[in-house]
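Comments concern the structure below.
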Amino acid sequence: MKKLLTFLSCLLLLSGCAYAPAQTARESFECMDTFMNVEICGGEETAAAVRAEIERLDGLLSASAEDSDIGRLNRAKSVTPDRTTYELLEKSLGACAELEGYLDISVYPLVEEWGFIGRDYRVPGQASIDRLLQSVSYQGVRLSARESEPPILYAEIGENMKIGLGAVAKGFAADRARSVMEADGVTSGILNLGGTVAAVGKKPSGAAWRVGICDPENTANYFGAVEASDQVIATSGSYERYFEENGRRYCHIIDPKTGYPVDNGTVSVTVISDSGFQSDALSTALFVMGRENAERYWKDKGGFEFILLDDNEELWLTKGAAERFRLADGYDFPIHTIE
Ligand code: ADP
Ligand code: MG
């Protein structure tokens, strides 16, 4: 019997604007297939504008919706997208190239085939995996902008292709949300976009925000927390969405090279960086890479920190992450620092 378990990410926000002498405004809503909670140290209008911007993005970016830019692109194989969609497509293609194909927005047909879109989970036959893999390549996405005012934007994909921006949309949304706050002069808040958390500024008390990282074995708890200020903390975990069949667990992150759900001993990867887009793209890609490749990649490129939990309940933290991380009471996971 198929067992299905879907857990929502549980990055806990350890503290809010409680000390705020100023106003606090909250919005809690369902969007991008997850729950979001926005808490800003500012007015209701700003919180509402943040929510509206994230909902607008969902309306543009959903891969399965009929009338979104990406939905239309997937059906018709070409679209003249909104400039925001175009911007994210450009950034995403750049990230796919930079991340050596571990991140690939065109892996979507395999995500669908394994049942992660329709929640009709199943293990596909090797023949269909092989067939679908033939059309997986972000290089098959073509973008062009014709000079005019405003420019005419165009996106096109191969005949058998479909793309999905699920690995980067929440991080991008976090960046857009921060811009909305900035435009309103709001400098403090914490935005939890379904496990991708933007820590904006500092708490009104002047201390950094603390962001908890979910315990995969018990998603109501967190095994530790990081301090963050003006950073986005994104986590990709095999526990977030998966199913089990014949005693094996299949998670929702697919290795674009094999077409199979990642099964490399990584349980979760949390990335901390200044950019939401970067944190989200990297959390997915490092998860696919696995610990040793993730370490190599970090040493080569830098510009971010990560916390990786493996299936022996050991933690691997880059130096900068280790400085800002604390295990929660009751957890004794061994910690390895990567320098
Ligand atoms: P979550 O959405 O749970 O926070 P991620 O940011 O890691 O997690 O994104 C995972 C989503 O990205 C999957 O649900 C799937 O739609 C898509 N995806 C899965 N594997 C890949 C991959 N290798 N490259 C790009 N997108 C992927
Ligand atoms: Mg991601």
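Just so you know, these numbers use all the heavy atoms, side chains as well, and skip hydrogens, waters and symmetry mates. Every number for a ligand or one of its atoms is a count from 1 in the order of the listing.
- Selection from V111, I105, V269, T34 by nearest heavy atom to atom 18 (N) of ligand 1 gives V111.
- Only the side chain of E240 comes within contact range of ligand 1, with a heavy atom under 4.0 Å; no backbone atom does.
- Aromatic ring orientation, F243 versus F116: tilted (interplanar angle from 30° to 60°).
- Counting heavy atoms under 4.0 Å from ligand 1, residue Y108 does not touch it at all.
- Under the 4.5 Å side-chain heavy-atom criterion for grouping Ile, Leu, Val, Met, Phe, Trp and Tyr, F277 is connected to L143 within one hydrophobic cluster.
- For L103, heavy-atom contacts with ligand 1 shorter than 4.0 Å involve the backbone as well as the side chain.
- For Y242 and Y250, the gap between ring centers reaches or exceeds 6.0 Å.
- Heavy-atom contacts of P256 reach the following atoms of ligand 1: 23 (N) (cutoff under 4.0 Å).
- Here Y154 and Y86 keep their ring centres 6.0 angstrom or further from each other.
- Any N or O atom pair closer than 3.5 Å counts here, and D255 shares no such pair with ligand 1.
- Between Y260 and W114, the distance separating the two ring centers is shorter than 6.0 angstrom.
- For the ligand labelled ligand 1, residue F287 lies outside the 4.0 Å heavy-atom shell.
- Remark: at the Mg ion (ligand 2), atom O from D280 and atom OG1 from T284 enclose 90°, rounded to the nearest 10 degrees.
- Only the side chain of K170 comes within 4.0 Å of ligand 1, counting heavy atoms alone; its backbone N, CA, C and O stay farther away.
- Within the listing of ligand 1, atoms 5 (P), 6 (O), 7 (O) sit less than 4.0 angstrom from a heavy atom of S236.
- Considering backbone and side-chain N/O of H252, one or more are found under 3.5 Å from N/O of ligand 1.
- Criterion: ILVMFWY side-chain heavy atoms under 4.5 Å apart, direct or through other members. Under it, W298 and V232 are not part of a common hydrophobic cluster.
- To the nearest 0.5 Å, atom CD1 of residue I190 and atom CD of residue E39 are 8.0 Å apart.
- Annotation: the span from I233 atom CD1 to I272 atom CD1 amounts to 6.0 Å, rounded to 0.5 Å.
- The contact set between ligand 1 and I253, taken as ligand atoms under 4.0 Å from a residue heavy atom, comprises 7 (O), 19 (C), 20 (N).
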